[in-house]
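Notes follow once the structure below has been shown.
Start at 1 with the first residue, then count along the sequence.
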Amino acid sequence: MAAAAARWLLLRASAPAPALNPVDGFKAPSSIPTSPIATSLHVRAAAPRSSARRLRTPPLRCTSPSSNGSTEPTLAVLLEVEGVLADVYRFGSRQAFNVAFQNLGLDCANWTEPIYADLVRKASGDEERMVVLFFDRIGWPTSLPTSEKGSFTKSVLREKLKALEKLSSTDALPLRPGVEKFVDDALSEAVPVAILATYGRNGEKISRSIAEKLGPRRTSKIKIVGKEEVERSFYGQLVLGEGVASSLDEQLTKEAQKAASAEKQRVAEEVASLLKLSVDISTASKRSEKIIATLRAGSEYVGRDVQNCILVTGSQPSVIAAERIGMPCIVLRSSLTARAEFHSAKAVMDGFGDTDLTISKLLSKRWS
């Protein structure tokens, strides 16, 4: 009973909350439609003429006309960058850390593949914890006061990020085998493709640099979704409140956010009373909300409903976020997730190619 109730809680809590009516004469939409055009028409019809500013126009959809004139597939593909387009952890992060150590004059520090793999496993991929574990093991610089260990660790991470930015634009950090053919096959089958560059561990700049390795011929036909694209999306404007300037829109956004939080708490209390437990649900983490906002924005830009988009991911947080909004996902393992379990994913594969993930398998829904 506990498992079933918890499942019910997740489904109910993630559902859109009923909209409030914060301003007399204005009725907010009861839910955010997945169609940007429908949203635009609804908002314009409902908004009073005195509203200071209307929402921006919907984002242009990413389309790839089919060469044979056949009906376009309803499917679209959203690709993450780190772990999917490239195995950043294997070919980038370790090397970038070693460059950072050299730049900081730490000649005693060098991460071999076995050392790096051990640190990743023990720290669950948390790079700050990895640095702390490593220097706890070999000893911290003798001239470093104990009180400055935190600032020292952050300086290592900054240098590592700088090194990775340079590395990401070179051939030393390659695309995963088969990803270029995968994108080509998608475009030839009129399957829209978007690359999600917003929430990678190493930042949008590095994600975009890796995406550009696909070449201008491919990137001109796909959509790269970054922070700016998320803010311009209808989800970003209506739910996150990004880019909405008028007082009416700001008030509507705040009230909708409050309603969503209150609804989650109410459902949690109902389930708790059934189980005779006391619970307190807080809002989802900022990272989780950032991923969800990017997924929803991605679905807008490719012109497909959330349930008709396939997320190709390499991380557990993305799998959880996709499940929350009803977006099917497929996991591609990387060196960081070689032993991880992804129970809610449609499938877990080792890479792109005939024996793993192909567009033909997605179109026929052959997940494994």
Side-chain angles (χ1 to χ4, degrees), residues 64 73-94 113 117 120-121 125 168 171-197 199-201 207 210-215 217-219 221-225 291 294-295 298-299 302 304 307-323 327-368:
S64 301
T74 58
L75 179 72
V77 176
L78 308 183
L79 297 172
E80 288 186 350
V81 177
E82 297 182 15
V84 175
L85 288 190
D87 192 343
V88 178
Y89 317 108
R90 179 181 179 187
F91 296 105
S93 293
R94 182 181 68 85
E113 286 196 19
V120 167
R121 180 177 59 82
S168 64
D171 293 337
L173 181 52
L175 293 173
R176 288 187 69 152
V179 66
E180 292 165 304
K181 184 179 186 304
F182 179 85
V183 172
D184 289 341
D185 289 346
L187 296 176
S188 67
E189 293 288 346
V191 175
V193 178
I195 294 177
L196 311 180
Y199 54 84
R201 292 182 178 217
S207 292
I210 294 172
E212 288 171 1
K213 292 176 181 288
L214 288 169
R217 181 179 63 82
R218 297 183 182 92
T219 56
K221 299 176 183 178
I222 62 182
K223 184 67 180 181
I224 299 178
V225 181
I291 295 173
T294 305
L295 297 182
S299 72
V302 296
R304 299 291 187 271
Q307 63 269 23
N308 289 329
C309 294
I310 303 292
L311 172 65
V312 183
T313 178
S315 68
Q316 189 68 262
S318 299
V319 173
I320 295 171
E323 184 181 27
M327 179 181 290
C329 70
I330 293 176
V331 172
L332 289 194
R333 291 195 184 279
S334 67
S335 56
L336 185 68
T337 59
R339 299 180 181 179
E341 297 291 335
F342 301 92
H343 298 293
S344 59
K346 291 292 184 182
V348 179
M349 300 183 177
D350 293 325
F352 297 98
D354 294 338
T355 59
D356 290 299
L357 182 60
T358 63
I359 286 296
S360 62
K361 287 182 180 179
L362 294 184
L363 291 174
S364 61
K365 295 186 178 180
R366 290 185 287 116
W367 310 116
S368 58

Nearest heavy-atom approach of Ser207 to Glu82 is OG-OE2, 4.2 Å
Spacing of CD1 belonging to Ile310 relative to CG belonging to Leu79, to within rounding of 0.5 Å = 11.5 Å
Side chain to side chain, Ile330 and Phe342, heavy atoms closer than 4.5 Å | no
By side chain to side chain contact (heavy atoms under 4.5 Å, CB included) - contacts of Arg94 (at least two apart) = Asn98, Trp111, Glu113, Tyr116
Which residues share a side chain to side chain contact (heavy atoms under 4.5 Å, CB included) with Ala321, sequence neighbours left out | Ile291, Ile292, Leu295
dist Ile359:CD1 -> Glu189:CD (nearest 0.5 Å) comes out at 8.0 Å
List in chain and number order the residues that pass side chain to side chain donor-acceptor pair (under 3.5 Å) with Ser315, two or more places apart in sequence or in another chain; answer none if no residue qualifies.
-> Ser318
What heavy-atom pair brings Ala86 and Pro174 nearest, and what distance separates the two atoms?
-> CB-O, 3.4 Å
So side-chain hydrogen bond (donor to acceptor under 3.5 Å, both in side chains) across residues 173-182, not counting sequence neighbours, yields Lys181-Asp185
Looking at Val319 and Ser344, what are the two nearest heavy atoms and their distance?
-> CG1-OG, 3.0 Å
Hits for side chain to side chain contact (heavy atoms under 4.5 Å, CB included) against Ser168, two or more places apart or cross-chain, chain-then-number order -> Leu173, Ile206, Ser209, Ile210
Are the charged groups of Arg217 and Asp184 less than 4.0 angstrom apart, N to O?
-> yes
Is there a donor-acceptor pair under 3.5 Å between the side chain of Glu323 and the backbone N or O of Ala345?
-> no
Option from Leu311, Thr313, Val84 for which side-chain contact (heavy atoms from CB on, under 4.5 Å) with Leu196 holds | Leu311
Look up atom CG in Asp354 and atom NZ in Lys361, then write down how far apart they are to the nearest 0.5 Å.
-> 7.5 Å
Closest non-hydrogen atoms of Ser334 and Asp87, given as atom of the first, atom of the second and distance, are CB-OD1, 3.8 Å
Side chain to side chain contact (heavy atoms under 4.5 Å, CB included) assessment of Val348 paired with Arg333 = CA-CA 7 Å; Val348 179; Arg333 291 195 184 279; 3.5 Å; yes
Side-chain contact, heavy-atom cut-off 4.5 Å: Leu214 with Ile222?
-> yes
Taking all non-hydrogen atoms of both residues into account, name the closest pair between Ala194 and Val225 and its distance.
-> CB-CG2, 4.3 Å
Close side-chain approach of Val88 to Val81, heavy-atom, < 4.5 Å = no
Which heavy-atom pair separates Gly351 from Asp356 by the least distance, and what is that distance?
-> O-CB, 2.8 Å
Residue set satisfying side chain to side chain contact (heavy atoms under 4.5 Å, CB included) with Ile224, at least two apart, ordered chain then number -> Ile195, Ala197, Arg208, Ala211
Distance col, row Leu362:CG vs Lys346:NZ, nearest 0.5 angstrom, shows 12.5 Å
Which is it for Leu85 and Phe182 under the side chain to side chain contact (heavy atoms under 4.5 Å, CB included) test, yes or no, and what are the steps along the way?
-> CA-CA 11 Å; Leu85 288 190; Phe182 179 85; over 6 Å; no
Taking it one step at a time, do Met327 and Leu78 satisfy side chain to side chain contact (heavy atoms under 4.5 Å, CB included)?
-> CA-CA 10 Å; Met327 179 181 290; Leu78 308 183; 3.7 Å; yes
